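Keep in mind that this is a model prediction, so the values were computed, not measured. Residue numbering restarts at 1 for every chain, and letters A, B, ... go by the order of the sequence lines.
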There are 2 protein chains.
Amino acid sequence: MANEKIPYKVYLEENEMPKAWYNLRADMKKKPAPFLNPGTHEPMKAEELAPVFCDELIKQELDNDTAYFEIPDEIKEFYKMYRPSPLVRAYCLEKKLGTPAKIYYKFEGNNTSGSHKLNSAIAQAYYAKKQGLKGVTTETGAGQWGTALSMACAYLGLDCKVFMVKVSYEQKPFRREVMRTYGASVTPSPSETTEIGKKILAEHPGTNGSLGCAISEAVEVAVSTPGYRYVLGSVLNQVLLHQSVIGLEAKAAFDKIGVKPDMIIGCAGGGSNLGGLIAPFMGEKLRGENDYEFIAVEPASCPSFTRGVYAYDFADTGMVCPLAKMYTLGSDFIPSPNHAGGLRYHGMSPILSELYDQGLMKATTATQTEVFEAAETFARCEGILPAPESSHAIKVAIDEALKCKETGEEKTILFGLTGTGYFDLYAYQNFNDGKMDDYIPTDEELAKYREKLPKID
Amino acid sequence: MANEKIPYKVYLEENEMPKAWYNLRADMKKKPAPFLNPGTHEPMKAEELAPVFCDELIKQELDNDTAYFEIPDEIKEFYKMYRPSPLVRAYCLEKKLGTPAKIYYKFEGNNTSGSHKLNSAIAQAYYAKKQGLKGVTTETGAGQWGTALSMACAYLGLDCKVFMVKVSYEQKPFRREVMRTYGASVTPSPSETTEIGKKILAEHPGTNGSLGCAISEAVEVAVSTPGYRYVLGSVLNQVLLHQSVIGLEAKAAFDKIGVKPDMIIGCAGGGSNLGGLIAPFMGEKLRGENDYEFIAVEPASCPSFTRGVYAYDFADTGMVCPLAKMYTLGSDFIPSPNHAGGLRYHGMSPILSELYDQGLMKATTATQTEVFEAAETFARCEGILPAPESSHAIKVAIDEALKCKETGEEKTILFGLTGTGYFDLYAYQNFNDGKMDDYIPTDEELAKYREKLPKID
């Protein structure tokens, strides 16, 4: 195979698909910092997390040592419906750029949730079902996670209650309808259905809602309803574990064609896609077996890695969740309303934060306009309309390929194409009309939020 | 392979992809009737069609004898970006239905146009480019064809002018934005940019437009602008030729796993998907090599096959196109505004019409509500949100599988899943809210339109 022309798309056979998820933490000498109880500042114990999360998922969350977790048969069967996802050689983009670089992308958008989120949604729903639970609660902003969870729950016959940030609920009625088609109940947040929702509505009548508020409502319902738990689509260690299926498939596909990438690029919001994509490659780097360059791309409007601090902070604005040590802009930070909803998060996965702090990966930012320019170029060459989130990775992949054009280097670049932009056409319209906003927070602004970080000894 | 478990998805390797399109007409003993000049009622000659269509496409259109047309290398390369499309075994749907039937679908929705339309769009754009043309014009209703053509033109650097039915232009702004992202100009029809548009606007101020009117505008611009031709996404023989790639891939995939389908089901609007899907199978039936059962599914609101007549009629309401012999409800027939926009056409492919008339295939109808019920069942099992058009085929595939449950027959059923429903969520919302309209035209109504058919000796 290595001497033949690489095909446009490399698919694994079903029997070549990963049989276990890979836990990157097992190969990290310095582990990510533990979650802390917000009251005592002591590391959270499994029993403290049990009212909120499923038991099996808590085990995965807290396990820093087990390298591989076997993927249960039922999840493997579900994966076979929409996986393996293709590893695509971007021949047309390479030609358009006139670059000697070889560009590949791992495309996770070929399922109805439109993104990689389904990889963890089915795992979390499966463990909830296995525990004999009746249903799960969650929040959703842009709607990819909510859609993915609805699909997983419909498949398993599990109830699914989604709190959707009110402004998204109203502006993205089609996302809501997909979730309803999959049988989920979708409630605009803040709502009158929870105590915290009522409190927020009393204090801020007419509020548009926020992700933090929706998390608080979802957690309240999970904790107060017998047979329910709360699930989350990013940031958590367990989510990165499930998402390792992306990287494991990519690695197996590269091995199949006898190619080794030099550079791996992914967008970074909470870190679920990037953490999953790089996992097995970073593992090789940590074990000293191979070297790769890793680049996280974040919006210039929400620069957690590049302009945040590495500190303990609340994962949610409602401050009901445990404290996590991560690169953060402060849990009060409200990103400007840019169109990459999935990247509008103040913090970052503790695993990725620790890797970044150890200098094992780089990070960079891109503004909205340049991201959409890259998206347009990509769409016209490669025939896929990318999600705004994914287009951050496209932007930097194109930049790196153009550098190769100058230097003549034949680097092999892999980037994560996490999803499609079918539900982001209002954003594309803004771009097509030349009305894109490129707001970048000032240093003073960021300092203000940083001051409010919790003080941990 | 035949004795192993069939995988969820069967993909061909690149070198197994079709190298030529198959022209079903070559194996038909009685050929489809020729197009007639609407003035003289004589068969249309190539030179009469040349101002409207590209030269190479006219050859394909009029050739009833050549069985295979080699696919040009450039088109094969483009196909490799989004093809082969998977042949999927619907294990989860089978389990849900508890049927002994084996259900397969050929899924054409994994490209940004969201449907099979891209297969012919790239071919038509390619021949226009090869002829040295500057651009092409077309009309679009629901928007799948316009999107596909925009993608093909962006790839080849060809100008693309789309006339979009005004009501769709306003109700489906996101479809419009995809086309704009691919660099197409999109004009709501009727418009002030054409003579026919001005005339219609003067006669019917405030009209919502229609497909017939948009065709007339697109043809006018093609004929009156140097370097432009008109292209069409269905009905024509050339379109069925290009779409044969669907059936050829499906056949090759079945051969690979050693399976022969008993029954092949597809939705039918103008016939492009169904004609392409069944082509090689019907070829075997025509040559007496194998037998298959073919079922066309049309909306109960627009029943061309089941309640129309086989007669010469205009392909467009503007009556600027040649006369075609086909199953038709009359070119004045305006289907009720059901949500399967791609099936709201008064006529039918002349090839399929002739096959149906010879008793080589069956046809049936489904109402909107039962179609969306099938769509919901399918989405929840198989993880794909289907287009309303495709869901007509799902509905009948489910019915046939349930018949097998009663009889115990282990039939192998193949249906065409032509596309995704991302741009049809207003329709899903109507369904979720229980507000679906199931209008079926009366016999009196249909008779009224039938009276207006052109009289041909």
Side-chain angles (χ1 to χ4, degrees), chain A residues 5 7-9 11 13-15 77-84 86 88 90-92 107 109-114 118 122 147 150-152 154-155 173-178 180-183 372 375-376 379-386 420-429 431-433, chain B residues 5 7-9 11 13-15 77-84 86 88 90-92 107 109-114 118 122 147 150-152 154-155 173-178 180-183 372 375-376 379-386 420-429 431-433:
Chain A
K5 192 192 168 191
Y8 278 71
K9 284 170 286 170
Y11 283 104
E13 301 291 332
E14 277 186 6
N15 58 16
E77 289 300 301
F78 187 87
Y79 278 170
K80 284 180 198 165
M81 278 208 303
Y82 72 100
R83 309 197 67 81
V88 188
Y91 281 118
C92 301
F107 180 42
N110 275 348
N111 72 76
T112 287
S113 79
L118 196 52
I122 185 63
T147 309
S150 306
M151 290 175 68
Y155 180 79
F174 290 165
R175 269 285 180 202
R176 185 183 73 207
E177 288 310 320
V178 183
R180 284 182 72 201
T181 299
Y182 282 96
F372 275 83
E376 185 186 270
R380 291 186 183 187
C381 296
E382 294 288 320
I384 295 171
L385 189 81
T420 50
Y422 294 114
F423 293 99
D424 299 288
L425 281 156
Y426 179 68
Y428 274 96
Q429 183 173 1
F431 174 70
N432 291 335
D433 291 341
Chain B
K5 190 191 170 191
Y8 279 70
K9 284 171 286 171
Y11 282 106
E13 300 292 331
E14 278 187 5
N15 59 18
E77 287 302 299
F78 187 87
Y79 278 170
K80 285 178 197 165
M81 280 206 302
Y82 73 100
R83 308 198 67 83
V88 187
Y91 281 118
C92 301
F107 180 43
N110 275 347
N111 73 76
T112 287
S113 80
L118 197 51
I122 186 61
T147 309
S150 305
M151 290 176 67
Y155 180 79
F174 290 165
R175 271 283 181 203
R176 183 182 76 206
E177 289 310 320
V178 184
R180 284 182 71 203
T181 300
Y182 282 95
F372 275 82
E376 186 187 88
R380 291 186 184 187
C381 295
E382 293 288 319
I384 295 172
L385 189 80
T420 51
Y422 294 115
F423 293 98
D424 300 287
L425 281 155
Y426 178 68
Y428 275 95
Q429 183 173 0
F431 173 71
N432 291 335
D433 291 341

K.L.:
Could you look at B:Gln429 and say if it's the side chain, the backbone, both or neither that has a heavy atom under 4.5 Å from chain A?
P.N.:
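Its backbone and side chain both get close to chain A.
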K.L.:
Name the option with the most non-hydrogen atom pairs under 4.5 Å to chain A; the candidates are B:Gly383, B:Gly421, B:Cys381, B:Gly109.
P.N.:
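Among the listed options, the one with the most contacts to chain A is B:Gly383.
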K.L.:
I'd like to know which of A:Leu425, A:Asp433, A:Leu385, A:Val88 tops the heavy-atom pair count under 4.5 Å against chain B.
P.N.:
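It is A:Leu425.
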K.L.:
Under 4.5 Å heavy-atom distance to chain A, tell me which part of B:Phe431 shows up: side chain, backbone, both or neither.
P.N.:
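Neither the backbone nor the side chain of B:Phe431 comes within 4.5 Å of chain A.
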K.L.:
May I ask you to name which of B:Tyr182, B:Phe372, B:Tyr155, B:Phe107 has the most heavy-atom pairs under 4.5 Å with chain A?
P.N.:
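Looking at each option in turn, the highest pair count goes to B:Tyr182.
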K.L.:
To the closest 0.5 Å, what do you measure between CZ (B:Arg176) and OG1 (B:Thr181)?
P.N.:
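These two atoms lie 11.0 Å from each other.
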K.L.:
What part of B:Tyr82 is in contact with chain A, defined as an atom under 4.5 angstrom from a non-hydrogen atom: side chain, backbone, both or neither?
P.N.:
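For B:Tyr82, the backbone is the part near chain A, not the side chain.
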K.L.:
Do side-chain atoms of A:Arg83 reach the backbone of A:Phe78 as a donor and acceptor pair under 3.5 angstrom?
P.N.:
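Flag not set: sc A:Arg83 to bb A:Phe78 has no pair under 3.5 Å.
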K.L.:
Scan A:Tyr422, A:Phe174, A:Phe423 and name whichever one has a ring-ring contact (aromatic ring centres under 6.0 Å, His included) with B:Phe423.
P.N.:
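It is A:Tyr422; the other options fail the test.
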K.L.:
Assess B:Lys80 against A:Tyr91: is NZ or CZ under 6.0 Å from the centre of the six-membered ring, and within 45 degrees of the ring's axis?
P.N.:
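The answer is no, since B:Lys80 fails at least one limit relative to A:Tyr91.
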K.L.:
Would you compute the distance between atom CZ of B:Arg380 and atom OG of A:Ser150 and round it to the nearest 0.5 angstrom?
P.N.:
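With rounding to 0.5 Å, CZ (B:Arg380) is 10.0 Å from OG (A:Ser150).
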K.L.:
If we define contacts as heavy-atom pairs under 4.5 Å, which of A:Leu118, A:Asn15, A:Thr420, A:Val178 has the most with chain B?
P.N.:
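Most heavy-atom pairs under 4.5 Å with chain B: A:Val178.
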K.L.:
Without hydrogens or angle criteria, can the side chains of B:Tyr8 and A:Glu77 be said to hold a donor-acceptor pair below 3.5 Å?
P.N.:
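There is such a pair between these side chains.
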K.L.:
Which one, A:Met151, A:Glu376, A:Arg180, A:Glu382, leads in non-hydrogen pairs under 4.5 Å with chain B?
P.N.:
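Most heavy-atom pairs under 4.5 Å with chain B: A:Arg180.
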